[in-house]
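Accompanying notes for the structure given below.
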Amino acid sequence: MFKVLDFRQIFTAGMILFAVIDIIGNIPIIIDLRKKVGHIQSEKASIVAGIIMIVFLFLGKEILNLIGIDVNSFAVAGSFILFFLALEMILGISLYRDDAPETASVVPLAFPLIAGAGTMTSLVSLQAEYETVNIIVAIVINIIFVYLVLKSSGKIEKVLGSQGINVIRKVFGVILLAIAVKLFATNIQNLFS
């Protein structure tokens, strides 16, 4: 197993997942969720997101094939989700309304915010280039970081203040919008080639 461990692969896969999960950019959403529900179960959200990611790493292609969806179509659908999340962040609007959620740990935090369509698409893509054990290590490292951010979201809010959060929301909204457009353009091109 240790012969297969490649720190370059772990680092690269980890950075790709870090960019797609975008937990730093999701801080404003996490703070909003915490205000709506009162408490976020950081441990539960992190563990569920990690399990979803690892299960999808092993079964993702098979699940998609079973229901007749190719990876590119899945990625295009994921790009729409990212697009609408980005619009919410940039415009300060709420497109998704949940009727008085009791907890935000699993939905929408673990899925689709952390382990969403973009993350799952990335995992399927990474599998073609990297050893599975290296991707698992990259997932675990990202989940630990996600947990730390979720656990300290209250402190982060105090440090940034409402103006800082609004600036971060807009900046990361634009970045998320760019990721959505790139994901859409790349995969729509792959669908028709």
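Please read all numbers here as calculations on a predicted model, not as lab measurements. Note that these values count all heavy atoms, side chains included, but never hydrogens, waters or copies made by symmetry.
Taking CG of Leu160 as the reference point, atom CG of Asn166 lies at 10.5 Å (rounded to 0.5 Å). We find the CD1-CD1 distance between Ile136 and Ile10 to be 10.5 Å, quoted to the nearest 0.5 Å. Distance CZ/Phe11 to CG/Asn134: 14.0 Å, rounded to 0.5 Å. Here the CG atom belonging to Leu64 is positioned 10.5 Å from the CG atom belonging to Leu59, to the nearest 0.5 angstrom.
Remark: side-chain polar atoms of Asn142 are paired, donor with acceptor, to backbone N or O of Gly14 under 3.5 angstrom. When atom types are taken as modelled, the side chain of Thr119 and the backbone of Ile114 share a donor-acceptor pair closer than 3.5 angstrom.
When side chains are defined from C-beta on, Ile21 counts as touching Met53, because their heavy atoms get closer than 4.5 Å. No side-chain heavy atom of Lys44 sits under 4.5 Å from any side-chain heavy atom of Leu109. Contact of the Ile30 side chain with the Ile23 side chain is registered, since non-hydrogen atoms from C-beta on lie closer than 4.5 Å. Side-chain contact between Phe56 and Ile139 is absent, with no heavy-atom pair separated by less than 4.5 Å. Side-chain contact check for Tyr130 versus Asp6: every heavy-atom pair is 4.5 Å or farther apart. Residues Ile47 and Tyr147 fail the side-chain proximity criterion, which asks for heavy atoms closer than 4.5 Å. Within the 4.5 Å cutoff, no side-chain heavy atoms of Ile141 are placed close to those of Leu17.
A continuous path of ILVMFWY side-chain contacts below 4.5 Å connects Ile67 to Ile52, so both sit in one hydrophobic cluster. One hydrophobic cluster holds both Leu113 and Ile51 under the rule that ILVMFWY side chains link at heavy-atom gaps under 4.5 Å. Criterion: ILVMFWY side-chain heavy atoms under 4.5 Å apart, direct or through other members. Under it, Val174 and Ile93 are part of a common hydrophobic cluster. One hydrophobic cluster, built from ILVMFWY side chains closer than 4.5 Å, cannot hold both Val159 and Ile27; they sit in different ones. Hydrophobic clustering (side-chain heavy atoms under 4.5 Å, transitive across Ile, Leu, Val, Met, Phe, Trp, Tyr) keeps Ile90 apart from Val181.
Here the closest non-hydrogen pair linking Ala45 and Ala110 is O-CB, 3.5 Å. Lys170 and Leu91 get closest at one heavy-atom pair: NZ-C, 4.3 Å. Heavy atoms only, all atoms of each residue included: Leu150 and Ser46 are closest at CD1-OG, 3.9 Å.
Each side-chain hydrogen bond (donor to acceptor under 3.5 Å, both in side chains) pair with one or both residues in residues 56-71, not counting sequence neighbours, appears once here: Asp70-Ser73. Screening residues 149-160 for side-chain hydrogen bond (donor to acceptor under 3.5 Å, both in side chains), with sequence neighbours left out, gives Arg34-Ser153, Arg34-Glu157, Lys35-Glu157, Glu43-Lys151. Listed by first and then second residue, the ring-ring contact (aromatic ring centres under 6.0 Å, His included) pairs involving residues 12-32 are Phe18-Phe145 (not counting sequence neighbours).
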